[in-house]
Engineer: 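Pasting a structure here, questions to come.
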Amino acid sequence: MRRPRLRFRFRLLRSLLSKYVLIILLALVFLPVAIPLVSFLFFFPFQEEPAGPYRSGIDLENQWHAEVNRLDGASPEQMGEALARLREAYAGSSVFWVDGTGRTRLELPEGQGLPDLWSTSYTVQFMKARYDADPFTVVAFVGGDPAQGFAVLQLPREILKGESAERDKVYGSRMTIGLLSVLAFFLFISWSFFYRIRRRLLRLEEAMTKPGPNGLPEPVAVKQSDEIGSLENAFNAMLGQLEESRAREQEEEKLRNQLIASLSHDLRTPLTTLRGHAFRLSQEPLTGQGSELVGHIDRKIDYMERLIENLFSYTLLTAGKYPYQPQQVELVRLVRTLFANWYPVFEQEGFEQELELPDTAVYWRLDPHWLERILDNYFQNMLRHARSGRYVAVRVTEDERGPALRLEDRGPGMGADSASKGAGMGLAIAALMEREMGLVREVRTGSGGTEIVLRQPSAGDAGKAGSY
Amino acid sequence: MKQKHILYIEDDQEIGSWVKDYLTQKGYVVHWRTSGDGAEELAEGADLAILDVMLPGIDGFTVGQRLKKKAADLPVLMLSARSSVHDKLDGLQFADDYMTKPFHPEELAARVEVLLRRYGRSGQQEITLGHLSVYPDENRLVDSRTGEEILLTGKQHQLFMLFLRHPNQILTKEQIYETVWGESYLPGDKTLNVHIRYLREKIEADPGSPAILETIRGIGYRVKQG
């Protein structure tokens with residue numbers, strides 16, 4: 001019971017879905033962490049830089065207190081020197097020093113409009129006016145001792161703000177770039193995830209559509225056991241089934257052909273024996289009626305032979321199993337060759353024969369063996385049913401509808417009751433083969449004879465007449 | 001004339017016996033076997049082989065192929081109950097002729113004769129065609145009325161021999177042209193007609209109304225032989 005669950009867990013781990021969920025989860029967890037992280041990464045190198053004194057008001061205040069504290073017990077000269085130095089360090093600032101007695105001792109630059117002597121009320125007013133106002137004002141007792149007086153730094157807020165705004169801008173844009181790269185990183189991960197899926201699917205599609213040497217697509221190599229992997233496995237399994245069923249079909253076809261061949265053999269063998277007996281009989285001294293009867297037997301054997309042949313052909317044709325190999329065929333030449341086989345037969349029967357073929361080549365697309373079979377069946381039919389007319393004509397003509405193959409006899413017509421009936425199957429086979437090869441048949445039949453016209457109507461590569 | 005030996009393989013007793021009787025009656029020595037085993041050895045002295053296809057053990061196609069492989073100049077005629085186009089085509093890959101059952105005995109005898117002649121095994125020293133006496137082995141043609149030898153040019157000789165190899169068979173213009181000239185016949189080409197006319201002037205008593213080389217209108221030509 002444990003194994004399937006393990007396998008399930010294993011498969012779940014390898015599935016595309018879990019990979020995708022993992023990427024999303026990673027993004028969800030990492031993005032909130034990424035913001036402080038990026039800010040940390042970009043803030044520190046920024047802080048390392050040698051910066052101006054005005055990082056913030058608090059810093060400035062602390063610095064000023066520390067500087068002024070260091071002036072504990074300094075002489076007025078030292079105070080003057082230190083304050084001048086400090087004022088230079090804090091660009092744009094103004095400084096002044098009031099001693100323990102409330103007297104303004106130093107003013108840099110001059111003319112700040114300060115009283116010479118600070119009354120209590122002025123001091124309070126000054127402090128109130130400068131609290132959280134412009135200029136930014138820091139008041140520090142010299143040496144931390146109110147008795148030594150106090151030193152004041154004043155800095156227009158504009159300078160202070162400008163510095164930090166600049167800093168915020170640089171910091172902000174770096175932050176944006178940082179966050180965008182984090183985002184781009186996730187986009188890249190998810191793009192490559194889908195890109196790889198797509199590539200594998202395309203490869204599978206190619207494998208499915210490209211036929212291998214045996215006509216079927218080749219199996220694909222399964223490298224990963226995720227959803228696409230199982231799709232590939234399913235495809236391979238399907239190929240296996242296809243091959244199996246094809247082999248089975250071939251086996252069945254082989255069996256069917258064997259069956260037909262042996263049935264044909266089993267039917268033809270006694271007919272051959274029968275013919276042998278009839279032949280021997282014909283060589284015995286016979287009465288006129290005896291010879292006639294032997295002739296009848298012989299003709300019936302011919303008839304039976306054709307019947308067997310037609311029966312098997314018809315069965316194969318209707319089952320779509322009659323071998324069909326269409327090709328570009330020169331009609332004039334083929335008709336001439338085929339008719340050459342029949343000429344002596346018609347000659348022997350005393351038929352007048354006419355063959356009218358053009359001196360140009362006519363190309364039709366068909367299986368020459370099929371056309372031979374069609375013509376054989378028609379000629380056979382003429383021999384049996386149009387004997388009274390003693391005329392056969394074969395023509396290949398060209399009119400406005402293109403080339404046509406015409407067979408003509410002067411028999412009593414197809415509707416008539418011929419002396420020997422039962423040729424239906426031969427004509428049915430001819431009709432089936434014509435339809436299969438795209439030939440159109442027109443039949444004109446009457447008491448004066450029959451004309452069968454065959455055409456290949458499909459223009460284009462087939463039915464094109466050319467001349468040399 | 002030396003009797004010709006025919007190797008005949010047929011597993012059906014009734015057919016085998018009457019074909020053997022018939023061909024013996026026609027003057028051949030028939031060696032009839034009911035299976036293809038050892039056919040190669042038996043074929044050694046034979047002038048022609050007639051093979052059934054569906055045999056017990058090795059089938060007739062295989063036997064025929066083996067015979068042809070061993071002796072390509074032994075004519076092989078397949079006599080089969082298998083009548084499909086593909087069986088015929090398979091058979092004619094190696095065999096010289098293919099007949100289907102039930103066959104007419106006279107046709108069998110005629111085809112045997114044609115094959116023997118085609119392979120120069122007929123043993124016939126002289127063939128008579130109207131007023132002509134033909135000596136195929138010596139490539140000689142004599143007007144029997146005068147006793148004079150008729151000399152043919154290369155192409156005329158090739159044409160004449162082609163008809164002799166295919167007696168009573170209508171050969172189409174394409175077949176003749178392509179066999180003798182070795183290239184494709186182009187519709188409308190008159191070369192063949194010209195050569196036939198020259199040949200007739202030499203072999204026919206009256207070239208205006210030919211008695212030996214017959215024109216089959218629209219198809220080709222035929223030389224009838226008795």
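Proteins come first, then strands; the chains are lettered A, B, ... in the order of their sequence lines, and each starts at number 1.
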Engineer: Could you tell me how the ring of Phe351(A) sits relative to the ring of Phe346(A): parallel (under 30°), tilted (30 to 60°) or perpendicular (over 60°)?
Structural biologist: tilted
Engineer: So for Arg336(A), is it side chain, backbone, both, or neither that comes closer than 4.5 Å to the heavy atoms of chain B?
Structural biologist: both
Engineer: Could you check which of Glu106(B), Met54(B), Arg82(B) has the highest count of heavy-atom pairs closer than 4.5 Å to chain A?
Structural biologist: Met54(B)
Engineer: Please state whether the side chain, the backbone, both or neither of Phe312(A) comes within less than 4.5 Å of a heavy atom of chain B.
Structural biologist: neither
Engineer: Here's a test for you: under salt bridge (charged side-chain N to carboxylate O under 4.0 Å, His left out), which of Arg406(A), Arg410(A), Arg441(A) qualifies with Glu451(A)?
Structural biologist: Arg406(A)
Engineer: Report which part of Asn341(A) has an atom under 4.5 Å of a heavy atom belonging to chain B: side chain, backbone, both, or neither.
Structural biologist: neither
Engineer: Heavy-atom distance under 4.5 Å to chain A: side chain of Gln169(B), backbone, both or neither?
Structural biologist: neither
Engineer: Once you round to the nearest 0.5 Å, how far does CG of Asp96(B) lie from OH of Tyr119(B)?
Structural biologist: 3.0 Å
Engineer: If you tally heavy-atom pairs under 4.5 Å against chain A, which of Ser17(B), Gly220(B), Gly188(B) wins?
Structural biologist: Gly188(B)
Engineer: Just checking, is any N or O donor in the side chain of Tyr391(A) or Glu354(A) under 3.5 Å from an acceptor N or O on the other one?
Structural biologist: yes
Engineer: Could you please state which residues from residues 262-270 of chain A sit under 4.5 angstrom from chain B, measuring non-hydrogen atom to non-hydrogen atom, sorted by number, or 'none'?
Structural biologist: Ser262(A), Ser264(A), His265(A), Arg268(A), Thr269(A)
Engineer: Mind running salt bridge (Lys or Arg N to Asp or Glu O under 4.0 Å) on Arg33(B) and Asp11(B) for me, showing each step along the way?
Structural biologist: CA-CA 7 Å; Arg33(B) 294 290 178 277; Asp11(B) 66 322; over 6 Å; no
Engineer: Return each pair, listed once, that meets salt bridge (Lys or Arg N to Asp or Glu O under 4.0 Å) where at least one residue sits in residues 194-204 of chain B; pairs must be two or more places apart or across chains.
Structural biologist: none
Engineer: Under 3.5 Å, is there a donor on one side chain and an acceptor on the other for Asp21(B) and Thr24(B)?
Structural biologist: no
Engineer: Checking heavy atoms, do the side chain of Leu357(A), its backbone, both or neither come under 4.5 Å from chain B?
Structural biologist: side chain
Engineer: Name the region of Glu372(A), side chain, backbone, both or neither, that has any atom closer than 4.5 Å to a heavy atom of chain B.
Structural biologist: neither
Engineer: Is any side-chain heavy atom of Gln175(B) closer than 4.5 Å to one of Tyr185(B)?
Structural biologist: no
Engineer: To the nearest 0.5 angstrom, please state how far the NZ atom of Lys68(B) sits from the CG atom of Leu74(B).
Structural biologist: 6.5 Å
Engineer: With a 4.5 angstrom heavy-atom cut-off, could you sort out which part of Gln13(B) is near chain A: side chain, backbone, both or neither?
Structural biologist: neither
Engineer: Are His104(B) and Glu107(B) linked by a side-chain donor-acceptor pair shorter than 3.5 Å?
Structural biologist: no
Engineer: With a 4.5 angstrom heavy-atom cut-off, which part of Leu171(B) approaches chain A: side chain, backbone, both or neither?
Structural biologist: neither
Engineer: Indicate the ring-plane relationship of Trp181(B) and Tyr177(B), choosing parallel, tilted or perpendicular according to the 30° and 60° boundaries.
Structural biologist: parallel
Engineer: Using heavy-atom distances under 4.5 Å, tell me whether Lys190(B) contacts chain A through its side chain, its backbone, both, or neither.
Structural biologist: side chain
Engineer: Given a strict heavy-atom distance threshold of 4.5 Å, which part of Gln283(A) is in contact with chain B: side chain, backbone, both, or neither?
Structural biologist: side chain
Engineer: Under a 4.5 Å heavy-atom cutoff, which of Ser313(A), Gly276(A), Ala278(A), Pro344(A) has the most pairs with chain B?
Structural biologist: Gly276(A)
Engineer: Quick check for you: to the nearest 0.5 Å, what is the distance between Leu331(A) atom CG and Gln328(A) atom CD?
Structural biologist: 11.0 Å
